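No experiment lies behind these values; they were computed from the predicted model shown. When a ligand or atom number is given, it counts from 1 through the structure's own listing order. Each residue takes its place number in the sequence, starting with 1.
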Amino acid sequence: MKILLLGSGGREHALAWKMLQSPLCEALFVAPGNAGTAAIATNINISPVDFSAVKDTVLTHGIDMVVVGPEDPLVKGISDFFKKDSELAAIPVIGPSQYGAQLEGSKEFAKQFLIKNNIPTAAYDSFTKDTVEQGCEFLTTLQPPYVLKADGLAAGKGVLIISDLAEAQQELRNMLVDAKFGEASAKVVIEEFLDGIELSCFVLTDGKSYKLLPAAKDYKRIGEGDTGLNTGGMGAVSPVPFADAEFMEKIETRIVKPTVEGLKNDNIDYKGFVFIGLIKVGNDPFVIEYNVRMGDPETEVVIPRLKSDLVELFVAVANEKLGEAELVIDERSAATVMVVAGGYPEAYGKGDVISGLEKVEGSIAFHAGTKPDNGQVVTNGGRVIAVTSYGDTFMEAIKKSYQNIAGLHFDKMYFRKDIGLDL
Ligand code: AMP
Ligand code: GLY
């Protein structure tokens, strides 16, 4: 099969690396890709949200399947675009319909879905410009801290957690009345604060049955000891030491099964990944959010732990035969440490030459924000390289990643030195 993968991050390099191990994968194109995918596949320099360019690419290269990495094209309806186009309708897209993608694209849609399907989540209410005063009133009924979420996609910045009531009310006004996050905050979900430890759970579904992939824990803050600004993710480990078999069973029974049942009962066309952001409160899992794609950098530890043929699984998803497929997981732990550009997640430089990549041994350097430049690899984003390793324990895996990072260099390179230490 000829496969087109959309996206350009560490997630996509990991997906590409895995798909290329499949005998079913005859050629792989990545759009737009990075220096890592350029080294193993063919990059196509188009934007994943430029659907007509995606169509041209699919027709020019005789693509048999499209795998969507990031959420943007899904929320914008790429699956529906394919279904409605007579030249593309027969080509499967791994990624949900636009309606299904609202699980990530609209916090309110996700909350309604959770409540309707009796899936444990924080109590909430939602408000618009016309009900801002009721929203301020609702805040007074909650215990601090207050959780305010812009309904729509806000590049990962739309969630505010505020301990002071007056400040929370002011921010609610900023979001609803002054459009702090533009259209994304035309509606705001206000949620009860859940106190616990977070983990990410990943499901592949054909809309009828599902496979539960390994869980992972991601490190979101830029600073050591989980301090400073939120990032896309600075490292991850899988499996998650505090999610034992009993807890995973609770996740599957209380959350994963009713999620897939809910999709089926509502006839939601959903063929792709569901990433469930969870919080462990006491010994019980609660859903914080759904994403309609894999996590990044979680993919860089989850996918390497998959022994099964990923393309075979995608074909099963496309044919609604996932129930018959087999999922085999590597028992080893995997850990990844993200190497980022100095300044990230605020302003940072691009175009710095990365050296030492050829010396990486016993780890996998998944490229994120990189690009090829005259035979060299240069930085091209905030998160630059995710160094993934296996180990009998996650500490062993992390140690190996740090040993290999020691041989990497670019100007103002930064990484957290405490990944996994809290566990
Ligand atoms: P979200 O975009 O919904 O994942 O929210 C971003 C982050 O805010 C999460 O990863 C949590 O750390 C935090 N968060 C979101 N909702 C809650 C909640 N109800 N209680 C506590 N923390 C939350
Ligand atoms: N690492 C979190 C995410 O991919 O959203």
Side-chain angles (χ1 to χ4, degrees), residues 7 9-12 14-15 69-72 74-75 103-111 113-115 119-126 139 142-163 168 181 184-185 188-202 213 215-222 226-238 240 273-282 284-303 336-338 340 345 366 368 382-383 386 416 419:
R11 168 182 50 214
E12 286 74 23
L15 289 169
E71 65 278 15
D72 262 11
L74 296 167
V75 173
L103 281 181
E104 177 164 359
S106 164
K107 301 271 187 204
E108 192 190 33
F109 179 90
K111 290 303 273 191
F113 179 88
L114 288 161
I115 303 287
I119 300 170
T121 189
Y124 86 105
D125 205 345
S126 63
L139 283 168
L142 300 175
Q143 295 297 316
Y146 307 95
V147 182
L148 307 183
K149 300 185 172 183
D151 179 59
L153 291 183
K157 295 191 171 70
V159 177
L160 303 178
I161 299 182
I162 300 167
S163 38
F181 301 106
S185 65
V188 172
V189 165
I190 301 181
E191 238 178 54
E192 161 201 22
F193 179 81
L194 297 174
D195 197 7
I197 180 160
E198 284 179 55
L199 72 154
S200 310
C201 150
F202 300 94
L213 305 176
K217 176 175 163 47
D218 141 43
Y219 289 78
K220 288 207 168 79
R221 303 293 196 93
I222 188 72
D226 274 326
T227 53
L229 293 174
N230 254 324
T231 70
M234 296 295 291
V237 298
S238 176
V240 181
F273 292 103
V274 191
F275 160 176
I276 313 178
L278 298 170
I279 194 154
K280 184 183 186 195
V281 182
D284 296 310
F286 288 79
V287 175
I288 290 201
E289 63 164 348
Y290 284 114
N291 294 300
V292 298
R293 51 170 173 88
M294 284 297 290
D296 194 352
E298 291 93 328
T299 305
E300 291 93 300
V301 291
V302 172
I303 291 297
T336 198
V337 178
M338 190 62 86
V340 308
F366 289 122
R383 295 191 294 169
R416 269 179 66 167
I419 301 302

If the cut-off is 4.0 Å to any non-hydrogen atom of E298, which atoms of ligand 2 fall inside it?
1 (N), 2 (C), 4 (O)

State if G233 counts as touching ligand 2 under the rule of any non-hydrogen atom under 4.0 Å.
no

Would you check if I119 and Y290 make a side-chain contact, meaning some heavy-atom pair closer than 4.5 Å?
yes

Tell me: protein heavy atom nearest atom 19 (N) of ligand 1, and distance?
E191 OE1, 2.6 Å

Shortest protein contact, atom 16 (N) of ligand 1 (heavy atom only):
K149 NZ, 3.0 Å

Suppose we measure from atom 5 (O) of ligand 1 to each protein heavy atom; which comes out shortest, and what is that distance?
V159 CG2, 3.4 Å

State, to 0.1 Å, how close T336 and I419 come at their nearest heavy-atom pair, and which atoms those are.
O-CG2, 4.1 Å

closest protein heavy atom to atom 14 (N) of ligand 1 is I161 CD1, 3.8 Å

When you look for heavy atoms under 4.0 Å from ligand 2, do you find them on the side chain of R11, its backbone, both, or neither?
neither

Ligand 2 to D218, heavy atom cutoff 4.0 Å, flagged ligand atoms 1 (N), 2 (C)

Per-atom contacts of ligand 2 with G232, taking only distances under 4.0 Å to non-hydrogen atoms:
1 (N), 2 (C)

Verdict with supporting geometry, I303 and L15, side chain to side chain contact (heavy atoms under 4.5 Å, CB included):
CA-CA 7 Å; I303 291 297; L15 289 169; 4.0 Å; yes

Short list, please: which atoms of ligand 1 are under 4.0 Å from a heavy atom of K220?
10 (O)

M294, any N or O under 3.5 Å of ligand 2 N or O:
no

Top protein contact for atom 12 (O) of ligand 1, by heavy-atom distance
E198 OE2, 2.3 Å

How are the rings of F202 and F275 set relative to one another: parallel (under 30°), tilted (30 to 60°) or perpendicular (over 60°)?
tilted

Close-contact set for ligand 1 against F193 heavy atoms, below 4.0 Å
20 (N), 21 (C), 22 (N)

Under 3.5 Å: donor-acceptor pair, side chain of S185, backbone of A150
no

What's the shortest distance from atom 2 (O) of ligand 1 to any protein heavy atom, and which residue and atom give it?
K107 NZ, 3.1 Å

Salt bridge between R11 and E300, side-chain N to carboxylate O under 4.0 Å?
no

Got a sec, which residues hit side chain to side chain donor-acceptor pair (under 3.5 Å) with S238, two or more places apart in sequence or on another chain?
R305

Under the salt bridge (charged side-chain N to carboxylate O under 4.0 Å, His left out) test, residues paired with E198 that sit two or more places apart:
K220

Given side chains that start at C-beta, do those of P345 and N230 come closer than 4.5 Å, heavy atoms only?
no

Any N or O of D296 that comes nearer than 3.5 Å to an N or O of ligand 2?
yes

For atom 5 (O) of ligand 2, what's the nearest protein heavy-atom neighbour? Residue, atom name and distance, please.
R293 NH2, 3.0 Å

Going by an N to O cut-off under 4.0 Å, is there a salt bridge joining E191 and K111?
yes

Straight-line distance of D125 CG to I190 CD1, nearest 0.5 Å
7.5 Å

Quick note on ligand 2: atoms under 4.0 Å from a heavy atom of F275 include exactly 3 (C), 4 (O), 5 (O)

Among all protein heavy atoms, pick the one closest to atom 20 (N) of ligand 1 and tell me residue, atom and distance.
L194 N, 2.8 Å

Atoms in ligand 2 with a heavy atom of G295 nearer than 4.0 Å
4 (O)

Would you call R416 and D226 a salt bridge, taking side-chain N to carboxylate O under 4.0 Å as the test?
yes

